[in-house]
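Computed from a predicted structure; not experimentally measured.
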Amino acid sequence: MRNLNPGYVEAVRKYVNVCPYFSLLSIQIKDLSWGESRIEIQAQEKHLQPFGIVHGGVFASLLDAAAFWAVYSEVPEDLGMTTVELKINYLAPLSTGRMIAKGKSLRVGKTICLGEASITDEKGTLLAHGTSTMMILKDLKIQGAEHWPSKYLD
């Protein structure tokens, strides 16, 4: 286990939390550590489908992001990733309140990685669970990250 640089984690949070897609859905990275992430969305009217509950695509985005960033914390600094498969179990609906996703890295290989994430509400009710398979790409980089602090302290 390596130590993530708090300066790097803060740079990721500042950059990713305002990227176009995260802004569109109001996704916020709240915590990022070795092999784990916590990402949240406060349910808003824009997240609801015609039946008045949060759309499954919002859950999918949140699960994918939480699994991705948990795995990303363990991937060497000079490599990027993209999701190649996402599997989801929708377990309970939500209309109002906060969706809290906790991601966990399950396996980081040379080219393929596996992460999982669960979404709960503020009371701890399990709303959704998913796994995400990601592919490591050596030529994919976070734009502007070359000016950030080092990813690891050691």
Side-chain angles (χ1 to χ4, degrees), residues 1-48 54-88 94 97-122 124 126-154:
M1 181 168 92
R2 297 185 71 185
N3 293 311
L4 284 176
N5 182 343
Y8 185 87
V9 170
E10 187 57 28
V12 166
R13 288 185 58 221
K14 282 183 178 180
Y15 183 81
V16 175
N17 285 348
V18 298
C19 79
Y21 192 70
F22 272 44
S23 293
L24 178 70
L25 290 182
S26 302
I27 299 173
Q28 293 286 305
I29 296 175
K30 296 293 187 176
D31 190 36
L32 183 61
S33 59
W34 180 263
E36 297 181 345
S37 70
R38 191 177 94 245
I39 300 179
E40 300 181 7
I41 297 177
Q42 177 67 40
Q44 301 173 36
E45 186 175 346
K46 68 181 178 180
H47 299 122
L48 304 180
V54 173
H55 191 282
V58 176
F59 283 114
S61 293
L62 190 55
L63 287 167
D64 186 35
F68 179 95
W69 289 104
V71 169
Y72 181 80
S73 68
E74 295 184 9
V75 171
E77 189 164 10
D78 58 337
L79 301 175
M81 298 184 327
T82 192
T83 300
V84 296
E85 181 181 46
L86 184 62
K87 296 177 187 175
I88 303 167
L94 180 82
R98 186 165 299 282
M99 294 166 271
I100 303 161
K102 293 183 179 175
K104 181 179 176 184
S105 175
L106 298 177
R107 172 84 162 84
V108 175
K110 291 180 182 177
T111 57
I112 298 292
C113 303
L114 180 64
E116 71 173 349
S118 295
I119 300 174
T120 62
D121 65 12
E122 294 163 303
L126 184 60
L127 306 174
H129 177 268
T131 58
S132 182
T133 305
M134 291 144 272
M135 178 174 50
I136 294 176
L137 299 168
K138 66 178 181 176
D139 296 326
L140 188 61
K141 310 276 188 250
I142 296 176
Q143 298 172 358
E146 63 272 4
H147 304 294
W148 293 358
S150 295
K151 188 172 184 177
Y152 303 108
L153 293 174
D154 48 5

What are the two closest non-hydrogen atoms of [X] and [Y], and how far apart are they?
| X | Y | result |
| --- | --- | --- |
| Pro149 | Ala11 | CD-CB, 4.4 Å |
| Ala70 | Leu32 | N-CD1, 4.5 Å |
| Leu86 | Ala60 | CD2-O, 3.8 Å |
| Trp34 | Met1 | CD1-CG, 3.1 Å |

Task: Atom CD of Glu45: over 12 foreign heavy atoms under 6.0 Å - done: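 Count not over threshold, so no.
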
Task: Neighbour count >12 (heavy atoms, 6.0 Å) for atom NZ, Lys87 - done: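 Check fails, neighbour count at 12 or below.
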
- [ ] Go through Ile29 and Ser37 one step at a time and tell me if the side chain to side chain contact (heavy atoms under 4.5 Å, CB included) criterion holds.
- [x] CA-CA 8 Å; Ile29 296 175; Ser37 70; 5.8 Å; no

- [ ] Look at Glu36 together with Arg38 and state whether they make a salt bridge at an N to O cut-off of under 4.0 Å.
- [x]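 No, Glu36 and Arg38 are not salt-bridged.
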
Using only atom types and a distance under 3.5 Å, with no angle test, would you say the side chain of [X] pairs donor to acceptor with the backbone of [Y]?
| X | Y | answer |
| --- | --- | --- |
| Lys46 | Ala43 | no |
| Ser23 | Val18 | yes |
| Asn5 | Ser150 | yes |

Residues 75-85, side-chain donor-acceptor partners within the protein, below 3.5 Å, at least two apart:
residue : atom : partner : partner atom : Å
Glu77   : OE1  : Lys151  : N            : 3.4
Glu77   : OE2  : Lys151  : N            : 2.9
Thr83   : OG1  : Asp64   : OD1          : 2.8
Thr83   : OG1  : Asp64   : OD2          : 3.4

TODO: First locate atom CD1 of Ile39, then atom CD1 of Ile100, and finally report the distance between them rounded to the nearest 0.5 Å.
DONE: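 Here the rounded value is 12.5 Å.
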
Task: Within-4.5 Å side-chain heavy-atom neighbours: Leu153 and Pro6 - done: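 A side-chain contact under 4.5 Å exists here.
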
Open item on the list: Measuring only between side-chain heavy atoms, which start at C-beta, is Leu4 closer than 4.5 Å to Tyr152?
Closed with: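 In short, these two side chains touch, coming nearer than 4.5 Å.
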
Task: With Val54, the side chain to side chain contact (heavy atoms under 4.5 Å, CB included) member among Leu94, Leu127, Ile41 - done: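 Per the side chain to side chain contact (heavy atoms under 4.5 Å, CB included) rule, the option paired with Val54 is Leu94, out of Leu94, Leu127, Ile41.
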
Give the table of side-chain donor-acceptor pairs shorter than 3.5 Å for residues 103-117, with sequence neighbours excluded, one pair per line with atom names and distance.
residue : atom : partner : partner atom : Å
Ser105  : OG   : Glu74   : OE1          : 3.2
Glu116  : OE1  : His129  : NE2          : 3.1

TODO: Applying side chain to side chain contact (heavy atoms under 4.5 Å, CB included), run through Phe59 and Ile119 and close with a yes or a no.
DONE: CA-CA 8 Å; Phe59 283 114; Ile119 300 174; 3.4 Å; yes

Open item on the list: Show every side chain to side chain donor-acceptor pair (under 3.5 Å) that has at least one partner inside residues 6-17, sequence neighbours left out.
Closed with: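 Qualifying pairs: Tyr8-Tyr72, Glu10-Arg13, Asn17-Gln28.
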
